[in-house]
Every structure is written in C-alpha cells, then in structure tokens.
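Working notes for the structure below.
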2 protein chains.
Amino acid sequence: MTATTHFNTKERILGAAEELFAQFGFAGTSLRQVTSRADVNIAAVNYHFGSKENLVNEVFRRRLDELSENRLKALKAALTESPGSLEAILAAFIEPALALTLDRHGGSAFVRVLARAYAEKNDRLRKFLSDNYGHVLRDFAKAIAACLPGLGKEELYWRLDFTAGALTYAMADFGLIKRPAGVSEQQHCERAARELIRFAAAGLRAV
Amino acid sequence: MTATTHFNTKERILGAAEELFAQFGFAGTSLRQVTSRADVNIAAVNYHFGSKENLVNEVFRRRLDELSENRLKALKAALTESPGSLEAILAAFIEPALALTLDRHGGSAFVRVLARAYAEKNDRLRKFLSDNYGHVLRDFAKAIAACLPGLGKEELYWRLDFTAGALTYAMADFGLIKRPAGVSEQQHCERAARELIRFAAAGLRAV
DNA sequence: GTCTATATGGAGATAGAC
DNA sequence: GTCTATCTCCATATAGAC
C-alpha cells in the first residue's frame, strides 16, 4: 500500500462500496450512492470495474486475499505451537478478522459485508467466493476435525456449520450495538473474541 | 384459514413475496416479480398493502404471530414438564420453526426470510420486529438465564447472541444444500434440530 | 483518466375506467 | 376489487469530448 492509496479513485470507490454494502446490502446499494460517497464521477465505476457485479467481487478480493493469507499463517503457527488445541485453531480464524475490525482503514465494515454474503443465496457470488477462498475453510475444517477424533463425520459437519453461523454473525456485530459505555472498541472486540472461542469450542466438543 | 385462503389475491401475493424475499432479499425483489409470480395485476400490491415496506411487514406478521404463539406455548410446557432443562427450552424455540419448515404451505421459505432480516440493518424493519415480537426473545432469554445461575450477566449476553446466530443460520439452511440422498426432508430437519440443541446447550454451558 | 450527456430499461406508485 | 395506462424517478451502462 502506498501512502496515497486511499486517495486513488479506485480505492475510494472500493471503500465507499464496502461501507454501503455493509449497511444496505448489494442490491440495496446503487452505484450512484457509491460514487457520491466516494466523491468521484458516476462513470468512474464502469471505467474501473466494468460492472456492478465485478465491483462486488473486487470489494471481497481486496480484503480476502490478505485475510485468507493471515488466517492460514495463524493456523500454521497454531498447529506447530499449540498442537491439538481447538481453541488455538479457532483463534487463528477469528483473530485476523478481529484485526481487520480494529484496523484504521475501514476494515470493520468488511466483516459485516462478509455476513451479508453468508445470507445471500446469489449463486454467482457464492461461486466466486468458493472458487477463490474455499480452500481456507477446508484447511480449518481439517484441523478442527483432527482435534475431535471421536466425532462422527456427520456430526462434525453439522457442528462446523453451526460454528460458522455463530462466528459470522457475532463478528458482524462486533462493532455495532452492544458496546457498553466506558469500554473501548478494542477491549470490546477482544472480549467478544474470547467469549466466542469458548462458546464454539464447547459446542464443537459437546458430548 | 378458510379452504380458499391460498387462492385469495392477498394470500397469493404474500406467498410469492415470501419466496422471492427468501431468494433475492428485500431490496433485490421487485413488486413486478412478486405480482408476476402471484399471477395478479401489478396494481394489486398497492391496493392491498399500500407500499412495498408494508408488504414486507405483512409477510413477517402472517407467520410470526403464529410462530411466536407456538414458541411461547412450547416454552411454558417445557418449564412445567422439564423444569431446569436447558435442552427443553432450546427445543421449545427450535421445534415450532422446524414445523414451519416442514409445513406444506410454503413455510420453509419464511425461515430463510427470517435469516435475511437478521442480516439487515434496516432500522424500520428491526423496529417493527422488535416492537411486535421482542417479548418472545426476552422470555426465552429469561428462561435460559434461570438454567445457568453461575453465569455472569455479560457472559450470558454474549452467549445468547452466539446462540441466536447459530440457530438463525442453521435453520435457514435446513432445507437447502446439505441433505444427503436417501434422507427425507423430515429426517434431515429433525437431525439438524437435535444437533443444534446439543451444540447450543454445550456452548451456553461452557466453563 | 475523468468528465458531461444520454441511452435504455425497470422501479414504485397512482388515476380512473370498468 | 381488478384492470390499463401512465407518472415520475432512478437504475446500470455507454459514447464521446476533453
């Protein structure tokens, strides 16, 4: 990232789109809202991205390339430093997303965009995400399975799904309504991550 | 419900809207799509519902009035028949939604619409749901809290939130991708409910 | 690369005949 | 209650000057 990245037309469009997608959804956001918030001309979106669908994909790509890499690095570290620890694996998944939320460059909206994507049944978007980032989820699933040798394949499958739901929606709400007065954003998120890890680990281990 | 209910213009609009909202979201569905699928005239929506926003609200009201009543009845039964059982409380919440999914009158789409609502940050919709159905969630929260006397207030709060995320998203996917061949819809849903209850109960009880 | 201007279509909503 | 016809506005996308 160069020092001027956030002043590029392209980056400004991506940032504005991310915030609006988080708030209004993909269909609920018009390119006019995006270009107006980014303070660029309406024609700039089609010049730089070709179509609205491609803009959506690029909003994901900008963050997910890095997030996926960070998650896989953290997973690798967890598997060598804390072998057999379910909590360490869950932390490797959650903490990079947390870092994004606390990032000064507007990453907090992106976590909510991810939650939106989870609710979307749009096949094209799902295929884009699955093709490009599905391997990350598969690596985590394998690592978690290895921690729970007694668990049947079907049960594991269900529980991973529940865990994904809890993680996605909890993370999406990290920066939102629930922070009590006198608690900093950072403290609040760290608390949420800790609680989430305990909850999911217990659920995955349920007898 | 009369025998002709499903052939009324109003009911046909509500049914079509429910299915389309589940698939494309609220903003992603046009009233033209709705009236086309319901096979009624485009002007009928405004005649019967006044506006798109009000149509959305009525789609919720049609199912939530009955679902809420069933959930509260089941909660009352659980508290008297199985006092102190966390699993019974969770079942009282989940099983009426499950019955909707298995219902022959198209209730399965509605569970996905509920999941959409959870992702929406639309304040007007949230206020409508909170004003009309918030008391149901509060009653369940109280009953769950009573089962977990050792748990701090904040921790309880977090865990209820995670539980809601897992429930909502798991239920939304009940009828979708994951059913293996040779397993009936009903068996699949019952299995999901059982697993979900175990997962959530363990997470809520986590040490 | 960025602008103005515009093409083309679809959105929600309503008026008024039947 | 239901229809046709239409209003008004806004959507995505593009053409072509600068």
Side-chain angles (χ1 to χ4, degrees), chain A residues 1-60 62 113 116 120 122-125 128, chain B residues 1-62 113 116-117 120 122-125 128:
Chain A
M1 255 198 199
T2 69
T4 56
T5 298
H6 282 279
F7 304 101
N8 289 347
T9 293
K10 235 179 134 166
E11 278 295 319
R12 285 224 309 281
I13 291 172
L14 286 169
E18 183 176 75
E19 289 167 20
L20 290 162
F21 290 160
Q23 187 170 1
F24 302 112
F26 307 111
T29 299
S30 72
L31 297 184
R32 287 176 143 79
Q33 285 175 280
V34 172
T35 53
S36 161
R37 174 179 292 224
D39 203 21
V40 303
N41 189 274
I42 171 72
V45 169
N46 267 276
Y47 176 76
H48 286 288
F49 298 96
S51 70
K52 183 178 180 177
E53 180 178 344
N54 192 240
L55 170 62
V56 172
N57 289 353
E58 291 306 314
V59 164
F60 281 101
R62 183 174 67 141
V113 174
R116 289 265 187 193
E120 285 292 326
N122 182 326
D123 286 339
R124 294 237 281 280
L125 177 58
F128 170 82
Chain B
M1 254 200 199
T2 70
T4 56
T5 298
H6 282 279
F7 303 101
N8 287 347
T9 294
K10 235 179 132 164
E11 278 295 319
R12 285 225 310 281
I13 290 172
L14 287 169
E18 182 175 76
E19 289 167 19
L20 289 164
F21 290 160
Q23 189 171 359
F24 303 111
F26 307 112
T29 300
S30 72
L31 296 182
R32 290 175 143 81
Q33 284 176 280
V34 171
T35 52
S36 162
R37 174 180 290 223
D39 204 22
V40 302
N41 189 274
I42 170 72
V45 169
N46 268 275
Y47 176 76
H48 286 288
F49 298 96
S51 69
K52 182 178 182 178
E53 180 178 343
N54 193 55
L55 170 62
V56 171
N57 289 353
E58 292 306 315
V59 164
F60 282 101
R61 194 194 307 281
R62 182 173 70 141
V113 174
R116 289 264 187 193
E120 285 292 327
N122 182 327
D123 286 340
R124 294 237 279 281
L125 176 57
F128 170 82

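Chain A is the first sequence line, chain B the second, and so forth, proteins listed ahead of strands; every chain is numbered from 1.
The stretch residues 14-25 of chain B has no heavy atom under 4.0 angstrom from DNA chain D at all.
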Pick out the pairs of N or O atoms, protein on one side and nucleotides 13-18 of chain D on the other, that lie under 3.5 Å.
{"from": "D/dA13", "atom 1": "OP2", "to": "A/Lys52", "atom 2": "N", "distance (Å)": "3.0"}

Given side chain to side chain contact (heavy atoms under 4.5 Å, CB included), test A/Phe24 with B/Glu120 step by step and report yes or no. CA-CA 7 Å; A/Phe24 302 112; B/Glu120 285 292 327; over 6 Å; no

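B/Ser30 has a side-chain polar atom (N or O) that falls below the 4.0 Å cut-off from OP1 or OP2 of C/dA11. A/Thr9 has a side-chain polar atom (N or O) that falls below the 4.0 Å cut-off from OP1 or OP2 of C/dT2.
Separating the CD atom of A/Gln33 from the P atom of D/dC10 is a distance of 11 Å, rounded to the nearest angstrom. The CZ atom of A/Phe26 sits 18 Å away from the C1' atom of D/dA11 (whole-angstrom rounding).
For the pair B/Asn122 (side chain) and B/Leu125 (backbone), a donor-acceptor distance under 3.5 Å is present.
Remark: A/Ala16 engages A/Val34, A/Arg37, A/Ala38 in a side chain to side chain contact (heavy atoms under 4.5 Å, CB included) (not counting sequence neighbours). For B/Gln33, there are no side chain to side chain donor-acceptor pair (under 3.5 Å) partners two or more places apart in sequence or in a different chain. Listed by chain and residue number, B/His48, B/Phe49 satisfy the side chain to side chain contact (heavy atoms under 4.5 Å, CB included) test with B/Lys10 (two or more places apart in sequence, or in another chain).
Using a 4.5 Å cut-off on side-chain heavy atoms (C-beta onward), B/Tyr47 and B/Thr9 make no contact. In this structure the side chain of B/Leu55 reaches within 4.5 angstrom of the side chain of B/Leu31, judged on heavy atoms.
With C/dT2, D/dT4, C/dT4 as the choices, the nucleotide that has an atom nearest any side-chain atom of A/Asn41 turns out to be C/dT4.
Sorted by first then second residue, the salt bridge (charged side-chain N to carboxylate O under 4.0 Å, His left out) pairs that include residues 38-57 of chain A, not counting sequence neighbours, are A/Glu53-A/Arg124.
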